[in-house]
Amino acid sequence: MPKWLQRTLIVLLAVVFVFGVVMGIYAQPVPARNAALEAMKGSASVTVTDEATQIVYAPKVGSKKGLIFYQGARVAPQAYSVALLEIAA
């Protein structure tokens with residue numbers, strides 16, 4: 001194998017490795033802050049249920065309306081709990 005081809009392959013493998021490491025770090029979700037985790041406990045007027053595939057913010061007084069909220073990428077679903085608790089109230 002020619003030396004130039006060998007060097008090119010080594011550089012290409014190094015670039016792919018560095019890209020993989022950077023993407024592995026970047027892909028970690030942003031965790032929820034303390035205020036959001038506190039809001040996950042619910043309030044006097046809203047019950048919060050954290051299930052495997054969804055988090056339900058249900059008013060303690062019945063309501064016939066609902067909202068489906070899809071969180072953004074790389075953000076923990078619990079991070080939105082402060083705003084969603086206010087909407088559900």
Side-chain angles (χ1 to χ4, degrees):
M1 181 182 297
K3 276 224 182 249
W4 66 270
L5 183 59
Q6 205 172 22
R7 288 182 185 150
T8 303
L9 288 175
I10 290 172
V11 168
L12 183 62
L13 285 174
V15 168
V16 168
F17 176 76
V18 169
F19 179 76
V21 169
V22 169
M23 288 308 296
I25 293 169
Y26 178 77
Q28 298 300 316
V30 178
R33 295 189 177 180
N34 289 338
L37 295 175
E38 190 66 30
M40 286 294 294
K41 296 177 182 175
S43 68
S45 60
V46 178
T47 302
V48 178
T49 308
D50 191 358
E51 300 173 2
T53 59
Q54 63 186 359
I55 300 172
V56 178
Y57 300 86
K60 291 183 179 175
V61 176
S63 177
K64 297 196 186 268
K65 295 181 182 178
L67 170 71
I68 297 174
F69 178 80
Y70 292 99
Q71 84 273 7
R74 295 188 56 238
V75 178
Q78 294 81 6
Y80 297 98
S81 61
V82 174
L84 293 174
L85 190 67
E86 290 293 320
I87 293 170

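For the single chain, residues carry numbers from 1 onward in sequence order. In what follows, every heavy atom counts, from backbone to side chain, and hydrogens, waters and symmetry copies are set aside.
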Asker: I'd like to know if Val56 and Val46 are part of one continuous hydrophobic network [Ile/Leu/Val/Met/Phe/Trp/Tyr, side-chain heavy atoms within less than 4.5 Å].
Answerer: no

Asker: Is it true that Ile55 and Val30 fall in one hydrophobic cluster, defined by side-chain heavy atoms closer than 4.5 Å?
Answerer: no

Asker: Shortest non-hydrogen contact from Lys60 to Ser43?
Answerer: NZ-O, 3.3 Å

Asker: How long is the gap from CG on Leu84 to CG on Leu67, to the nearest 0.5 Å?
Answerer: 7.0 Å

Asker: Determine the minimum heavy-atom distance between Pro59 and Ala88, stating which atoms define it.
Answerer: CG-O, 3.5 Å

Asker: How long is the span from the CG atom in Leu37 to the CZ atom in Arg33, to the nearest 0.5 Å?
Answerer: 11.5 Å

Asker: If we only count heavy atoms from C-beta on, is the Gln54 to Thr49 side-chain gap below 4.5 Å?
Answerer: no

Asker: So does Ala32 get a backbone contact from the side chain of Tyr80, meaning a donor-acceptor N/O pair under 3.5 Å?
Answerer: no

Asker: Do Val18 and Met23 share a hydrophobic cluster, counting only Ile, Leu, Val, Met, Phe, Trp and Tyr and linking them when any side-chain heavy atoms are less than 4.5 Å apart?
Answerer: no

Asker: Check whether Phe19 and Tyr26 end up in the same hydrophobic cluster, where Ile, Leu, Val, Met, Phe, Trp and Tyr are linked by side-chain heavy atoms less than 4.5 Å apart.
Answerer: yes

Asker: Would you say Ile87 ends up clustered with Tyr70 if hydrophobic residues are merged whenever their side chains have heavy atoms under 4.5 Å apart, either directly or through other cluster members?
Answerer: no

Asker: Within this structure, what is the CG-CE distance for the pair Leu85 and Met40, rounded to the nearest 0.5 Å?
Answerer: 10.0 Å

Asker: Mark yes or no for whether Ser45, through its side chain, and Ala89, through its backbone, hold a donor-acceptor pair below 3.5 Å.
Answerer: no

Asker: When you compare the side chain of Lys41 with that of Val48, does any pair of heavy atoms fall below 4.5 Å?
Answerer: no

